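In what follows, a single structure is set out as structure tokens and then discussed.
Only a predicted model underlies this, so the values are computations on that prediction, with no experimental measurement involved. In the text below, chain A, chain B and the rest are named by the order of the sequence lines, each starting its count at 1.
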Amino acid sequence: MNDQQYEATVYTEGPLLVIAGAGSGKTRVLTHRIAYLIEEEGVNPYNIMAITFTNKAAKEMRERVDRIVGYGAESVWVMTFHSTCVRILRRYIDRVGYDNNFTIYDTDDSKSTMKAVFKKLQIDNKQLKEATVLREISRAKDELMSPDDYESANAADFSKRRIATCYREYQDMLRKNNALDFDDIIRLTVYLFKACPEVLESYQDRFKYIMVDEYQDTNTAQFTMVKLLADKYKNICVVGDDDQSIYKFRGANIMNILNFENVYSGAKVIKLEQNYRSTQNILDAANAVISNNKGRKNKALWTARKDEERVHFRSFDSGKEEAEAICDEIARMNRKGEYGYKDVAILYRTNAQSREFEERFVHDNVPYKLVGGVNFYSRKEIKDILAYLKTLDNGVDDLQVKRIINVPKRGIGDTTINKIQVYADEKDMSFYNACLAAEEVPGLARAASKVKNFTDMIETYKARLAEHTIYDVTKQIIEDTGYIEEIRGEDDEIKAEERVENIDELLSKIKDYEEENPESTLAGFLEEVALVSDIDSVSDDESRVLMMTIHSAKGLEFPVVYISGMEDGVFPGYLTINTGSDEDMEEERRLAYVAITRAKDRLTLSYAKSRMVRGETQYNPVSRFVKEIPDELLDGELPKVRNFFDDYDEDSSPSRFMKEKPFGNSFDDGFIPRKVSFGSKPKTTKSVMTQQEALSKLNAMPKGMPSGGTKPDYEVGDRVRHHKFGEGVVKDITPGSKDYQVTVDFDEFGQKIMYAAFAKLQKV
DNA sequence: CACAGGTCTCTTTTT
DNA sequence: GAGACCTGTG
């Protein structure tokens with residue numbers, strides 16, 4: 001252990017902030033700290049709590065603590081934020097108006113609920129999107145705002161007032177269904193602590209020593225929860241790295257770590273700056289990229305690992321070739337015995353990028369595992385079966401009942417469901433209870449007996465559950481309902497088999513759960529299932545290449561890392577480039593930093609000139625993050641490309657290319673050309689240019705060209721007018737390779753980045 | 001009520 | 001390109 005690690009381990013009393021750079025051994029510090037508390041300071045393990053974000057991190061820490069602490073390790077709480085809060089709520093949530101056997105909604109369930117809200121409030125989902133409202137509600141919950149808080153904070157904004165109404169209705173429905181969404185889990189814990197001081201105090205007294213991992217990713221609700229818990233003894237140790245904060249979109253507030261010393265006066269700060277993971281070149285590259293961000297905690301990572309190998313940069317003509325080449329190279333390394341499959345990870349910005357890799361790997365028979373994407377538990381067939389189980393467990397959850405009442409098909413259609421719902425609303429009962437009374441529902445006619453058959457079935461299973469295992473009952477449900485036959489009937493064979501396999505996997509997960517937990521209950525199983533993520537199940541002893549998003553890769557390390565799709569428009573994403581703020585771009589850069597620092601020995605950045613995105617071909621320049629890495633750290637050449645603007649001459653008539661506008665994108669409005677679509681649909685104007693020509697025009701700007709162009713006659717802060725976007729304020733002017741890049745915040749269209757020569761902005 | 005076929009929207013990132 | 005959503009027909 002180095003000096004700083006040791007210091008952080010033994011500094012046990014009072015608030016402590018450990019700024020732990022990537023690969024600096026923070027888990028080591030946390031686990032040893034727990035051991036030190038128990039063994040050297042005689043702290044009761046029962047009084048110690050360690051909170052992480054993912055189950056995987058919790059599991060890893062748990063194992064390491066178990067290994068180094070002789071006695072009592074099992075009574076230390078090592079859990080995720082969510083499971084910690086669920087455990088507390090299971091015990092006390094009845095004090096704030098819910099039932100203790102609440103169910104947990106995933107994003108899918110939330111979306112269905114919101115759909116029902118829209119229907120009830122008669123909101124046209126063309127005007128307002130469910131996803132938008134849910135995102136807004138989620139942010140509000142992260143900030144601990146109730147519907148009332150949200151409404152009064154946005155009283156002046158018409159559309160936000162509508163969102164407030166949705167929020168209120170959504171929350172009502174959740175409560176009626178006795179359900180919590182992910183954000184409620186944290187938010188209601190805080191609420192409970194505030195509403196019931198005696199509950200809070202009992203936990204304060206229990207958790208005298210609190211440790212929080214990945215502190216930079218906490219949102220306001222999580223921050224508050226931890227703060228409340230630690231308020232009595234203030235023995236709180238948080239570990240994090242502001243440069244690795246990548247969850248702002250989920251409400252994470254980087255200020256929680258940047259302001260720690262202000263919130264906890266007298267806090268001790270220790271920095272871990274020695275990196276034990278990567279080679280010097282990889283680290284230098286990471287440092288070079290991240291140094292472009294402002295407002296960081298000062299920190300300089302160093303390593304004792306000297307190495308000659310540079311960071312590799314490779315460019316390809318298409319995403320397909322990129323996948324081929326990387327797959328071939330991995331197979332070659334494996335053949336030569338340089339690196340095995342399990343040493344390699346492929347990282348990308350968005351899940352959609354995994355497809356080409358997956359196809360190639362299947363084709364070449366290279367073993368791989370895809371992490372993330374569609375979560376196992378969100379697959380349709382799994383959700384269906386789980387909906388049966390949830391109905392058995394918590395009969396008041398309308399959503400689950402409606403999901404399965406006609407799956408597999410039993411001839412109960414929308415009309416019937418609506419009639420039952422109307423009846424339920426009138427009598428103020430749950431949907432399932434209305435089903436039980438189907439004979440009384442007016443206008444059902446023949447459908448009533450079908451509904452009766454359904455409820456009889458559910459009641460039978462409920463009864464069976466008392467004497468049989470969950471596994472047996474689930475198996476029974478699958479057989480009785482003919483679910484497998486249904487799948488085989490409606491899908492093509494390959495898809496159907498996949499789904500049948502998924503169901504088998506679910507069954508074996510149930511079996512595992514029952515074997516591991518002697519006290520197993522259906523509720524317990526459902527809870528476990530609700531809080532797992534894909535990354536949790538990744539083990540490192542299988543021989544396969546891992547493919548995942550950079551977000552999923554946080555906290556992991558691999559000898560060999562490929563970061564694919566290093567293109568402006570992919571990474572950083574086009575949304576960030578076009579409409580994002582500076583902070584958004586900084587978050588993307590932190591993401592690049594996280595990605596680079598996953599690599600121990602060998603790092604390859606790859607670029608594809610063209611790429612299929614959402615069914616259309618894009619041509620993007622090399623990612624700015626690649627350009628931020630000094631040449632001497634890189635090998636491989638940046639692609640030989642010409643500047644798009646080279647041929648543009650203001651005097652002569654615009655080139656053929658500009659005039660024809662064959663691709664439906666107008667370049668003359670001043671935007672940085674971002675993508676060109678050669679879509680399959682025939683366009684009215686026939687293209688007079690080959691793809692090759694277009695390519696050479698559209699490629700990225702070469703690195704390090706002298707800046708030129710005439711300086712615009714407006715400055716930052718001036719108001720300007722654009723022929724299309726109207727008026728706005730100039731936010732930023734940066735000299736580019738040939739022209740000035742101007743950022744303007746338009747009154748009506750928001751922030752845009754454009755080239756001065758094209759934008760023809762007029763000072764007003 | 002079920003199903004086939006067409007249209008529209010979408011993408012960052014996830015506990 | 002996929003999945004959700006809509007619409008018309010039997």
Side-chain angles (χ1 to χ4, degrees), chain A residues 51-58 79-86 104-108 110-112 115 125-126 129-132 134-135 138 141-142 180-186 214 217-219 221-222 245-252 347-356 359 371-375 377-380 406 408-418 445-447 450 489-490 495 530-536 548-554 565 569-580 584 587-588 590-592 594-595 612-617 679-681:
Chain A
I51 302 188
T52 65
F53 274 83
T54 65
N55 294 298
K56 186 179 165 68
M79 282 201 266
T80 65
F81 269 102
H82 291 268
S83 35
T84 301
C85 291
V86 167
I104 299 165
Y105 274 9
D106 62 19
T107 22
D108 230 57
S110 297
K111 204 175 163 207
S112 312
K115 259 184 207 149
N125 74 345
K126 290 202 174 55
K129 294 261 169 295
E130 284 104 352
T132 315
L134 281 170
R135 208 178 315 125
S138 178
K141 288 183 175 179
D142 289 342
L180 312 192
D181 65 17
F182 280 130
D183 306 309
D184 279 339
I185 293 174
I186 314 287
E214 306 277 17
D217 288 331
T218 50
N219 60 35
Q222 288 157 337
S245 163
I246 54 173
Y247 282 106
K248 179 163 162 246
F249 72 94
R250 214 169 62 192
L347 309 183
Y348 34 77
R349 178 68 239 269
T350 63
N351 276 307
Q353 288 166 256
S354 66
R355 253 197 60 209
E356 282 185 300
E359 277 166 18
V371 179
V374 185
N375 185 316
Y377 291 103
S378 5
R379 288 166 207 222
K380 183 181 174 297
N406 200 30
K409 304 225 162 36
R410 320 188 158 84
I412 305 175
D414 289 347
T415 333
T416 309
I417 291 174
N418 282 334
R446 266 182 311 144
K450 293 175 181 167
E490 69 186 19
K495 275 240 153 110
L531 297 175
V532 297
S533 76
D534 219 23
I535 193 76
D536 299 333
M548 67 185 104
T549 62
I550 301 167
H551 282 90
S552 302
K554 195 176 68 157
V570 175
F571 184 28
Y574 70 95
L575 282 176
T576 310
I577 296 174
N578 284 330
T579 53
D584 293 334
E587 175 136 323
E588 293 277 312
R590 289 193 291 270
L591 205 48
V594 168
M612 280 283 272
V613 179
R614 263 154 70 198
E616 60 183 15
T617 307
S680 47
K681 281 179 203 140

For the side chain of [X], starting at C-beta, report the closest nucleotide among [options].
| X | options | result |
| --- | --- | --- |
| Thr350(A) | dC3(B), dT15(B), dT12(B) | dT12(B) |
| Asn406(A) | dT11(B), dA2(B), dT9(B) | dA2(B) |
| Arg355(A) | dT11(B), dT13(B), dG1(C) | dG1(C) |
| Ala352(A) | dT11(B), dT9(B), dT14(B) | dT11(B) |
| Arg250(A) | dA2(B), dC10(B), dT14(B) | dT14(B) |
| Thr549(A) | dT13(B), dT12(B), dA2(B) | dT13(B) |

For this session: Check whether any side-chain nitrogen or oxygen of Ser552(A) sits under 4.0 Å from OP1 or OP2 of dT14(B), and answer yes or no.
Result: yes

Exercise. Are OP1 or OP2 of dT15(B) and a side-chain N or O of Lys56(A) less than 4.0 angstrom apart?
Worked result: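 Looking at the OP1 and OP2 atoms of dT15(B), neither is under 4.0 Å from any side-chain N or O of Lys56(A).
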
At 4.0 Å (heavy atoms only), tell me whether [X] reaches a base, stays on the sugar-phosphate, or touches nothing.
| X | result |
| --- | --- |
| Thr416(A) | sugar-phosphate |
| Gly411(A) | sugar-phosphate |
| Asn55(A) | nothing |
| Asn351(A) | sugar-phosphate |
| Phe53(A) | sugar-phosphate |

Using atom [atom1] of [X] as one end and atom [atom2] of [N] as the other, report the distance to the nearest whole Å.
| X | N | atom1 | atom2 | answer |
| --- | --- | --- | --- | --- |
| Glu214(A) | dT15(B) | CD | P | 12 Å |
| Lys380(A) | dG3(C) | NZ | P | 12 Å |
| Asp108(A) | dG3(C) | CG | P | 13 Å |
| Glu130(A) | dA4(C) | CD | P | 13 Å |
| Ile185(A) | dT14(B) | CD1 | P | 18 Å |
| Phe182(A) | dT15(B) | CZ | C1' | 6 Å |
| Tyr247(A) | dT13(B) | OH | P | 11 Å |
| Lys115(A) | dC5(C) | NZ | P | 3 Å |

Problem set entry | Leu591(A) or Arg410(A), whichever maps to the more 5' nucleotide of DNA chain B |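 Comparing both residues, the 5'-ward one is Arg410(A).
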
For this session: Tell me which of Ala131(A) and Gly413(A) sits closer to the 5' end of DNA chain B, going by the nucleotide each one is nearest to.
Result: Gly413(A)

Problem set entry | Backbone of Thr576(A) reached by a side-chain donor or acceptor of Glu588(A) within 3.5 Å | no

Exercise. Would you find a donor on one side and an acceptor on the other, under 3.5 Å apart, between the side chain of Asn406(A) and the backbone of Ile412(A)?
Worked result: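 Between the backbone of Ile412(A) and the side chain of Asn406(A) there is a qualifying donor-acceptor contact (under 3.5 Å).
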
Exercise. So does Asp414(A) have more than 12 non-hydrogen atoms from other groups sitting under 6.0 Å from CG?
Worked result: no

Exercise. How about Phe53(A) and Thr218(A): do any of their side-chain heavy atoms sit closer than 4.5 Å?
Worked result: yes

Problem set entry | Interatomic distance at C1', dT11(B) relative to dC6(C), whole Å | 23 Å

Exercise. Does a salt bridge link Arg250(A) with Asp142(A), judged by any charged N lying under 4.0 Å from a carboxylate O?
Worked result: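 Judged by the 4.0 Å cut-off on N to carboxylate O distance, Arg250(A) and Asp142(A) do not form a salt bridge.
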
Problem set entry | CG on Asp108(A) to OH on Tyr377(A), rounded to 0.5 Å | 15.5 Å

